Amino acid sequence: MNEKSRIYLDNAASTPIDSAVGEAMMPFLLDHFGNPSSLHEMGRKTTLALSKSRHHVSELIGANSSEIYFTSGGTESNNLALIGYAKIIKKLRPDCNRILVSEMEHESILETVRYLEKDLKFTVDFIQTTSDGFVDLKSYKELLSPKTCLVSVMLVNNEIGTIQPIQTMIEILKKKDYKTLFHSDGVQALGKIPIDVRRMKLDMLSISSHKINGPKGIGALYIRKGICIEPIVYGGGQEMSLRSGTENVYSIVGFGKACEIWKNKIHESNPVIQNLQNYMINRVTTEIPESSINGSLQNRISNNVNFSFKGINGEDLLVKLDEFGIEASTGSACSSNKKKKASHVLKSLGLSYDEISGSIRFSIGSQNTLNELEVAVNVLKDVIHEFRNTN
Ligand SMILES: Cc1ncc(COP(=O)(O)O)c(C=O)c1O
């Protein structure tokens, strides 16, 4: 079966590169190889390309170009935001040693706060999750304290697609007057929901290119003007001295192009994807007995649906679907190849072990068609029927 005939429904893990993104990148891969730090013509060409891309990225999230710092992706942006700010706080306000995150965060936040706790002696508080997949605002209010230097809560959860009440959380925080910063992991939100960092009063936001039809290994951290953080990579002083190392020019060009494309199509593409999601939800919940959806149907992005099927093992289901050319995932891409690690997100919703092990995530992209969804649901139905009848 060639790649074209497969049905790819794992767009929360990564997306195909848009052909216009590929076209924009090629000249910088093959011809314009100058180092942006060089003062000659070749260098100036790549410097110009960087600043154009910075502009496109900033436009998609309502920031200024000067507030965008390119990194190697969402993971590094999350590390830079949390460690970079913790290092400053440790020196300037050593008493403010608490960091507040949700239980549902991506590993790149959870592992980073574990490091901050272990090596830099911060205390980490975890906001509880409601059974429908949102941060519990009561738990948030209880945990916020004058010692909290940083809150980090994702805009959209990667496993179940729920949109977190970030705006309300920031309003609650601002009323406290604690000088606490608010960082959000926006990796799964970019291109799916409109983001305006200024209107939202976000202090820092992490984003990644490969979730919006751009190349892998490139992302950015938005840092509001006036906020000071320390680098975690030292060297030649690129990215306004926050992220040294010769810039990954052709990937930055691709990321910029992907942002430009999504800025223009965010309002037209997502309703189309939402229709495909609704089609899938309607058919699966009516035609497959003992199936349920994890996470609320309200305040959910258009492309992510996470089901649990009673009596089914999610990994066996994935393997079987893969044999039929259908590509999905069990929750987080980063943990889906680590066998038997139950999803911490579904656990935090209070799901039973059986519900967690019987779960599978389908995430739809702008390249998917109704015909593909039709085939995928038919196969899913047959495979589950067969599993249940043979066990
Ligand atoms: C919510 C979230 N944060 C961070 C990341 C990591 O991003 P990257 O793959 O660009 O390092 C991911 C990737 O799946 C994600 O879903």
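What you are looking at is a predicted structure, and each value in this text was computed from that prediction instead of being measured. One-based numbering along the sequence shown. Whatever order the structure lists ligands and atoms in, that order sets their numbers, starting from 1. No hydrogens, no waters, no symmetry mates; every other heavy atom, side chains included, goes into these values.
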Student: Taking NZ, NE, NH1 and NH2 as the nitrogens, is one of them in E111 or R114 under 4.0 Å from a carboxylate oxygen of the other?
Tutor: yes
Student: Near H210, which atoms of ligand 1 are under 4.0 Å from a heavy atom of that residue?
Tutor: 8 (P), 9 (O), 10 (O)
Student: Are the charged groups of E323 and K320 less than 4.0 angstrom apart, N to O?
Tutor: yes
Student: What are the atoms of ligand 1, with element, lying closer than 4.0 Å to any heavy atom of G73?
Tutor: 10 (O)
Student: Salt bridge between R224 and E67, side-chain N to carboxylate O under 4.0 Å?
Tutor: no
Student: Does ligand 1 have any atom that is closer than 4.0 Å to a heavy atom of S108?
Tutor: yes
Student: Looking at non-hydrogen atoms alone, which of D185, T71, T75 comes nearest to atom 1 (C) of ligand 1?
Tutor: D185
Student: Strictly below 4.0 Å, N to O, side chains only: are D95 and K147 in salt-bridge contact?
Tutor: no
Student: Using 4.0 Å as the upper bound for N to carboxylate O, is an ion pair formed by K138 and E142?
Tutor: yes
Student: So, E230 and K91, do they make that salt bridge, N to O below 4.0 Å?
Tutor: yes
Student: With nothing but distance in play, are any N or O atoms of G74 less than 3.5 Å from an N or O of ligand 1?
Tutor: yes
Student: K211 heavy atoms, cut-off 4.0 Å: which ligand 1 atoms fall inside?
Tutor: 13 (C), 14 (O)
Student: If you measure every N or O of S72 against every N or O of ligand 1, does any of those distances drop under 3.5 Å?
Tutor: no
Student: Suppose I only count heavy atoms of M154 and a 4.0 Å limit; which atoms of ligand 1 are within that range?
Tutor: 1 (C)
